[in-house]
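Since the structure comes first, as structure tokens, the remarks are kept for the end.
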There are 2 protein chains.
Amino acid sequence: MKAFMEPKSVALIGISRKSGPGSFNIMENMLQYGYRGRIFPVNPKAREILGAKVYPSIRSVGEEVDLAVISTPRENTLSIIEDCVASKVKAAIIVNQGYADADDKGKKIQQGIIEVARRGGMRVLGPNTLGVLNNFNGFTTSFMPIGKQRTAVGLICQSGILFVGALEFSGTIGKGIDIGNACDIGFYDALRYLGEDPDIQIIAIHMEGLNQAREFVSLAARVVREKPIIILKTGSSEKGAASAMTHSGTMAGNYHLYKAALQRAGVTFLEESGKMVYAVRTLGNLPSMKGNKVAVITFSGAAGIMISDALERHGLSLSSLAADTIRAAAELSPEWMPLGNPLDIWPAVMKHSTTKAYSIALRAVMNDPNVDGVICVAIAPETPAFSFLDVSETLNEVMEEAPPKPVVAWLYGPNPLEMAKQFESRKRIMTYPTLELAVWALSILRDRHVVVAMKEPEMR
Amino acid sequence: MKAFMEPKSVALIGISRKSGPGSFNIMENMLQYGYRGRIFPVNPKAREILGAKVYPSIRSVGEEVDLAVISTPRENTLSIIEDCVASKVKAAIIVNQGYADADDKGKKIQQGIIEVARRGGMRVLGPNTLGVLNNFNGFTTSFMPIGKQRTAVGLICQSGILFVGALEFSGTIGKGIDIGNACDIGFYDALRYLGEDPDIQIIAIHMEGLNQAREFVSLAARVVREKPIIILKTGSSEKGAASAMTHSGTMAGNYHLYKAALQRAGVTFLEESGKMVYAVRTLGNLPSMKGNKVAVITFSGAAGIMISDALERHGLSLSSLAADTIRAAAELSPEWMPLGNPLDIWPAVMKHSTTKAYSIALRAVMNDPNVDGVICVAIAPETPAFSFLDVSETLNEVMEEAPPKPVVAWLYGPNPLEMAKQFESRKRIMTYPTLELAVWALSILRDRHVVVAMKEPEMR
């Protein structure tokens with residue numbers, strides 16, 4: 001994978017002469033992205049592209065090429081692959097669609113590519129891929145603009161939009177590999193690379209089909225002890241599986257079998273794509289949860305009830321709060337207030353300041369031995385008019401001296417986006433747009449604890 | 001309910017002398033909100049509040065009072081209720097907590113209140129409530145600031161935060177009734193009022209406990225034929241139900257029984273609070289869906305597969321597109337492209353303009369007799385640099401001549417919030433933050449069709 005992720009020289013075969021918005025010019029995007037290695041544009045119909053000399057073919061380059069990025073019509077690809085092998089190119093990315101994802105003709109071409117590349121010892125990524133993304137050295141082969149965050153999140157996917165729309169899918173990508181049709185490089189190779197990569201601490205995967213399933217599952221079981229792995233496996237429906245054949249040309253396989261095997265390996269398995277961003281945020285920032293018992297601090301009794309319902313749905317339970325915790329809450333509350341878990345601190349908020357009520361309550365539950373994790377329902381007020389209701393700073397201060405238990409928050413009020421940033425500023429408290437997601441986040445942290453706590457799987 | 005929602009005169013009993021941020025002064029909020037009726041502040045310890053003359057008791061007002069809003073310690077409430085009855089006040093709202101939601105003493109006081117009020121012919125809302133909100137005449141009894149949208153959305157709830165945080169819960173409230181502990185006015189009365197109110201076209205309900213269950217269900221079955229009713233019933237878990245006793249002092253009842261009865265009545269029943277805002281947006285804006293068959297237009301094959309999976313989970317299916325529709329897509333696409341549903345228009349986007357590809361595809365599926373509803377996966381590009389990828393205007397133009405089928409969109413890319421506003425500007429296309437929610441939205445529109453199409457329930 002090194003030739004893909006950290007190439008010293010790249011040939012861009014079939015590079016477009018057009019540039020600017022809408023042209024999707026790989027070279028232009030690569031330069032804007034900050035690539036500092038050598039670039040050899042190859043196009044028999046051009047002499048100069050973006051100020052660089054253009055070569056008529058890869059054979060005419062005459063210098064060492066680590067990686068060839070090929071964006072030609074499929075009719076030409078096989079002979080280009082032969083040229084690359086002859087020129088001792090180490091690795092090739094085939095960008096375009098129209099291979100196993102398309103028709104019989106495309107399948108045959110893809111099969112030919114694999115045979116030629118294997119014989120020549122060249123690895124191939126794709127076809128039907130945006131290629132790779134490495135924010136730690138400013139390299140990408142994407143023809144679409146993508147984010148530049150140098151984060152510990154590795155992404156493996158079978159779709160370019162998960163690169164381009166990473167903000168929504170995984171939240172961020174530090175390094176990414178789009179395996180596309182996976183004719184050669186597959187999930188196994190990509191996971192091995194990111195699993196061993198010290199820059200990467202968490203791995204998000206979008207999976208349509210899976211080759212080398214047995215090897216992948218056993219590799220995942222090893223990697224996941226050090227780094228959380230989150231997998232969205234699509235194609236659970238008959239129609240979805242059929243579409244996977246025409247999208248990445250891969251067999252979706254038996255969804256439920258994969259699901260069982262991956263969960264058993266310790267992977268966080270997602271049923272809904274919209275949860276990936278929250279899974280990454282949760283497992284990437286919060287400590288795992290050592291048990292099932294959750295304390296709820298809320299300014300709304302109604303929300304406390306909704307959270308109780310959601311906890312049960314996710315196999316979590318409400319802690320029986322210790323006497324010290326109840327005592328701390330009782331000092332804040334009116335005498336008639338029934339105190340327990342959920343801890344409804346609205347009467348305390350009305351009596352004292354919002355910040356005082358929240359900080360005393362959070363400190364108490366964090367130090368409560370009966371509590372494994374905490375959900376805070378906090379107000380997201382308009383600032384600055386209602387800043388006196390903002391408890392983000394206060395709660396973050398409490399967290400500085402708190403034991404390593406996960407704290408998630410659901411912010412309720414007119415200003416949730418700005419408040420979320422403040423709550424998350426020290427990465428000790430994560431926020432979620434719905435209370436259901438906040439509860440689910442704790443459930444995957446509980447599952448994560450089971451994975452890290454067991455050195456060896458107990459069941460065989 | 002009229003005395004609550006449209007009072008000509010209001011007495012504020014136990015009104016605070018403090019005003020400004022953090023004081024939660026009802027009178028101040030009421031004035032800021034725009035109430036134009038008469039206000040009589042009542043507080044034996046004050047002579048003037050916010051420039052208005054203060055009365056020592058309700059008996060000393062000596063003028064006709066439609067509504068009394070009572071915020072006194074619970075020890076005084078019973079005698080105040082007696083005074084209100086003696087002064088021929090038509091209706092009273094008891095704001096504070098500490099009644100059936102608290103302890104035995106509180107329960108007894110609440111019982112006493114009911115008896116006195118019933119005997120005197122005065123209706124009571126609460127205790128433990130923010131009261132009412134009527135954006136059509138600028139009236140509220142909330143001591144917290146709330147939104148002022150004059151929309152056709154009615155809300156009935158048992159929690160003040162659903163008033164204050166309406167933006168997140170139901171998206172908007174035109175008129176709202178917080179029944180709190182529901183000692184007198186309950187869901188039945190509130191639904192009857194909003195059901196008959198011509199300003200209100202859709203009703204959102206947050207329900208902890210339900211009295212008069214039989215009457216409510218049969219009323220709901222009548223109202224729902226004209227106006228969608230969406231209910232979030234909380235307390236599904238044992239702990240949640242127990243918390244409901246200490247929150248609103250109401251019995252949560254048998255969750256599954258209520259669920260079955262309400263669904264049978266034609267109500268949209270929610271399991272997750274986070275879905276209310278999308279249910280209101282969907283049922284309030286889009287036409288119902290006459291069948292199960294959905295067309296998917298996507299620029300991403302991967303998203304098409306995820307949507308296929310989600311459709312199956314929600315009991316929907318992919319339409320078999322008509323020959324005309326396939327022909328329209330074929331003219332846009334490369335010859336090798338396998339065409340079907342989901343309709344992957346990325347190759348067409350690469351070959352033509354994004355707007356051309358989307359508008360031809362949307363027009364074709366909207367006119368396809370095999371299609372009951374449509375999901376569009378569209379790009380949410382940064383503007384203005386990538387505005388050429390923005391199809392919101394184009395799709396809205398297509399909708400102007402399209403038959404009444406629901407169209408939902410999932411926007412993917414770096415700029416979903418701004419793009420969502422543009423897509424929704426004509427209220428013909430609604431957008432959702434995840435594809436799972438977009439699919440679910442179509443499923444509730446299908447269920448809605450079943451309700452409106454059946455004049456009489458078929459099963460008895």
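In the text below, chain A, chain B and the rest are named by the order of the sequence lines, each starting its count at 1.
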- Query: When rounded to the nearest 0.5 angstrom, what distance separates CE in B:M306 from OG in A:S243?
  - Reply: 12.0 Å

- Query: Side chain, backbone, both or neither: which part of A:N128 has a heavy atom under 4.5 Å from chain B?
  - Reply: neither

- With respect to chain A, which residue among B:P414, B:A244, B:A380, B:S308 yields the maximal number of heavy-atom pairs within a distance under 4.5 Å? B:S308

- Message: For A:Y99, which atoms come within 4.5 Å of any heavy atom of chain B: side chain, backbone, both, or neither?
- Response: neither

- With sequence neighbours left out, what residues match A:A303 under side chain to side chain contact (heavy atoms under 4.5 Å, CB included)? A:T298, A:S300, A:V377, A:W410, B:I161

- Query: Is chain B contacted by the side chain of A:L339, its backbone, both, or neither, given a heavy-atom distance below 4.5 Å?
  - Reply: neither

- Part of B:M144 within contact of chain A (heavy atom distance under 4.5 Å): side chain

- Message: Report which part of B:P416 has an atom under 4.5 Å of a heavy atom belonging to chain A: side chain, backbone, both, or neither.
- Response: side chain

- Task: For the residue pair B:L435 and A:S273, establish whether any side-chain heavy-atom pair is separated by less than 4.5 Å.
- Result: yes

- Contacts with chain A made by residues 233-240 of chain B (heavy-atom distance under 4.5 Å), listed by residue number: B:T234, B:G235, B:S236, B:S237, B:E238, B:K239, B:G240

- Message: Restricting to side chain to side chain contact (heavy atoms under 4.5 Å, CB included), what partner residues turn up for A:S320, sequence neighbours left out?
- Response: none

- Could you tell me which portion of A:L162 (side chain, backbone, both or neither) has an atom closer than 4.5 angstrom to a non-hydrogen atom of chain B? both

- Under 3.5 Å, side chain of B:E168 to main-chain N/O of A:G413, donor-acceptor pair present? yes

- Query: Sequence neighbours excluded, which residues qualify as side chain to side chain donor-acceptor pair (under 3.5 Å) partners of A:E271?
  - Reply: A:Y255, A:K259

- Taking C-beta and beyond as the side chain, do A:W336 and B:K105 meet within less than 4.5 Å on heavy atoms? no

- Message: Closer than 3.5 angstrom, by distance alone: can the side chain of A:E272 be matched with the main-chain N or O of B:E436 as a donor-acceptor pair?
- Response: no

- Message: Using heavy-atom distances under 4.5 Å, tell me whether A:E208 contacts chain B through its side chain, its backbone, both, or neither.
- Response: side chain

